[in-house]
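Below is one structure, written out as structure tokens, with a few remarks after it.
Here is the naming used below: chain letters follow the sequence lines, and residue numbers restart at 1 for every chain. Heavy-atom basis, side chains included; hydrogens, waters and symmetry copies ignored.
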Amino acid sequence: MSRVAWVLLAVVVCIGLVAPFGDWERAMTVIPTEAGLGPSPGHPLGTDHLGRDVLARLQLATSAFAGPGLLACAVALVLAVPTAAVSAYRGGVLGSATRFAFTSLAAIPRFVLVLLVLSIYGDSPTTLALAVGASYVPLLGEAVYERIERLRGEEYVLASQAHGLAGGRILWVHLVWFACGRLIGRHLLALFGFYLVLETTLSYIGGFGVQEPHPSWGNMLVFEWGRRSLVDPGLLAPGIALWATLALTDWASESLGEVEHG
Amino acid sequence: MGDVLTLSGLEVRAGAEVLVHSVDLLLAAGEICALVGASGSGKSLTARAMLGLVEIDPGVTRGTLEITVGDRSYQPPMSGDFRARKRAFEGIRGAVVGYLPQDAGRALDPLRTVGRQVGHTARLAGRDDGPLPWLDKAGLQPSVAGRYPHELSGGMAQRVVIAQALARGSRFLLADEPTTGLDPAVRRPLLRELRHLADEGVGILWITHDLRATRGLADRVLVMSEGRVVESTTPDVLDSGEVSSPAARKLVDATRRIAGGRVR
Amino acid sequence: MLRTLLGRAVLTVSSLVAAATAVQLLLWAAPGDPIDLLPNGAELRPQLEAEWGLDQPVWMRVVTNLGRAATGELGTSLSYRPGTPVTEVLAQPALNSFALLIASLVLALAWSAGLAAFTRGRRQHTSRLVRTLSVAPVFLLAHLCIHGLNEVTWSLMEAGTIARPAWFALPGEASAMRTALAVVLLAVGSGALADMHREAEQALISIRRSGFVDAARARGEPTFLLVARHLTLPLASLAAARTGFLLGGLVVVEKVLLINGAGAILWQAALLRDVPVALGITLMAATTVCAARLAADALRVGIDPRLRSQA
């Protein structure tokens, strides 16, 4: 079950990474005569109100979050993990200061911080990815810090120190990789999901994020509802895709085990 | 007093594995019956089955339990419908059969003072005289009433739990290793407290792994091994080494070796 | 007890100051002249240069602005409602948002605790269903609810079955229905319910397995109050931890469900690059989170004697 989730998630991300290099005429060309068609062999999910193929737009829209989402994960990983790991391993003033910084920054709600950054620095996918990644640093950092601080005094760490194992090796291989790997993985999956939610939310409400004519699973949901039925597959597809992808990240993260406490 | 607790044919299973095999046990008012065995022999499980608190999933309990107090008789179902069992045992727990846990410190609510907890128990038992008489009976100063559990020593915590059992008015007490983990200096007075309770007419099933401690305290000794009662005798007989079952033999020998080692 | 609380208060306030400083630095670290960022920057330049203290070094600006913010002065709005003090722009919407926040927090706590009492780590299917439902983003749930409700109501109205119901509001109209929907969705969507349920469930399981509950059970005493009292401790921490998350969700529900709140204003301010308003709201949000943390700490210290004796 969880393996299926990982594979499907990987497929979605791959489509998103490859999409910018593809030819997306079907997704972008407006054909007024083909507007609002139902599902047919030519258009498996029908067409939207401007006659564009919904399935193609659905695929193209993955590029709006796959790349930037991974970038956000990389930013959080690079900023949070080394800082948290080193300061938790060293402890002392450095540890307390890092801890205090994480706690303080965590007081600013992530979504609010991202909007503030957009208002100061303007809106672009890269800015958004950097802002989301940075806004996740306190959360990831605190989790890694707590784990390493707790393990630092454990017998096996003390034993390897006594055996003369180098401090760096103990920290990076044993504490970060073995003891925190799954924890970090879970957080990065959550962050990827958060980016997806944020991007689609911004695009749905409008003004930020992906804007017409480019597709996002968020802005594809905005259209004239009046004439068409609620259960039209073309109208529900972006919502279902979004929901399913988020459920996949949730399942995948569950397979990493260790549900956190408290 | 004719109060008596009879357990017969108790069997506890976890799935296909049988943890307790047809245990028969008789506990009369005013006696201390020691249930001795190595860890994992099924002693605690036997005691918890008598409270209807076997928490194995999926666990199956079988057997009959009959308790006579005065002219009343209780016969809670040991198997069958969960709700019916739960209701039947709720009428017995505390009022008829009480429990002294191993780790008394953890058995007290850390958020309330000792006095409030003992008083609460007394009130539930229909006694409105507050916590102090019960604390006194358990050998504690009145000042203890204002303390929180984390401010108590292990021995004091165990006395508070005894005070609660007294306040609850249990006719039988299942004491699950009540002195394990305590200082030897604290252990003896606590065990004497159990003897006082028995002299006042409470029937006590004392679960322990310490054969030597039963001497001079327990009226009878049951030896359990691998889920069965393998020996039913008295401390004096055990002392003389006249036991029939190999499991009891092993226990006696082990106890002697330890005692011998200490003398040397 | 007072000393413990005082210590926590000092820590919380200093972390709030640190957060505010970080936000200020974010502003002054922006490349180029911050006034050039504004759509109407040129005409406002003389006024802003003085107000923002652009002739001073960055640390002076930060200190000055923090001092002003501490006295409740957050500057004036630039484009959303030009010239109005930020505090005035925000007063009523902030109250609306606060009411939404409290309502959804209470609702989320209540049903995550209730659900936890129902599942207790056993009903895997229920938990799975809750998780799958709850991962849906707030905006998607709001979208589906609004359109589903509208569609059903429209078709019933067209068929003449019902007259226009009182709660059926056209876009732009405020309605109690929308507010109620906002509260519910905030407490469910974007994983809120699933995460809180899981944490409440774990807390409940560990409390029910603890020695004192077992002992109370063995004494034949009712355990409901005992468990409830112990559950308040993790629930208080949980509520404080979720406050920031819900504040983020507020922006979305207010925008999608057309509620006049601070979140909707933040969105507008970000669009118009009205930095003083955006900063003011960020600061308010951080203050709310810190206040929630402090309140949770106070409650825990008040209930748990072990925390009192630590300090």
Quick check on R209(C) against chain B: is it the side chain, the backbone, both or neither that has a heavy atom closer than 4.5 Å? neither

Which atoms of L226(C) come close to chain B, meaning under 4.5 Å heavy atom to heavy atom: side chain ones, backbone ones, both, or neither?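 The side chain, not the backbone.
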
Partner chain B: residue of S210(C), G211(C), A218(C), P222(C) with the largest heavy-atom pair count (under 4.5 Å): A218(C)

Given that the side chain runs from C-beta out, which part of [X] has a heavy atom under 4.5 Å from chain C: side chain, backbone, both or neither?
X: D103(B); value: neither
X: V161(B); value: neither
X: T121(B); value: both
X: L108(B); value: backbone

Top contributor to chain C contacts, counting heavy-atom pairs under 4.5 Å, from H120(B), R112(B), E90(B):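 Top count of heavy-atom pairs under 4.5 Å with chain C: R112(B).
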
May I ask you to check if R48(B) and Y99(B) form a cation-pi contact, with NZ or CZ under 6.0 angstrom from the six-membered ring centre and within 45° of the axis?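 Flagged: R48(B) positioned over aromatic ring of Y99(B).
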
In terms of heavy-atom contacts, does CZ of R85(B) have more than 12 from other residues, nucleotides or ligands at under 6.0 Å? yes

Is the closest side-chain donor-acceptor distance between Y148(B) and R308(C) under 3.5 Å? yes

Check this for me, if you would: do D129(B) and R127(B) make a salt bridge, where the nitrogen-to-carboxylate-oxygen distance has to be below 4.0 angstrom? no

Might you point out which heavy atoms bring V188(C) and W111(C) nearest each other, and give the distance in Å?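 Smallest heavy-atom distance, with atoms named: CG2-CZ2, 3.2 Å.
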
Taking L7(B) as the fixed residue, which of T46(B), T64(B), L26(B) is the one that meets the side-chain contact (heavy atoms from CB on, under 4.5 Å) rule?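 Single pass found, and it is T46(B).
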
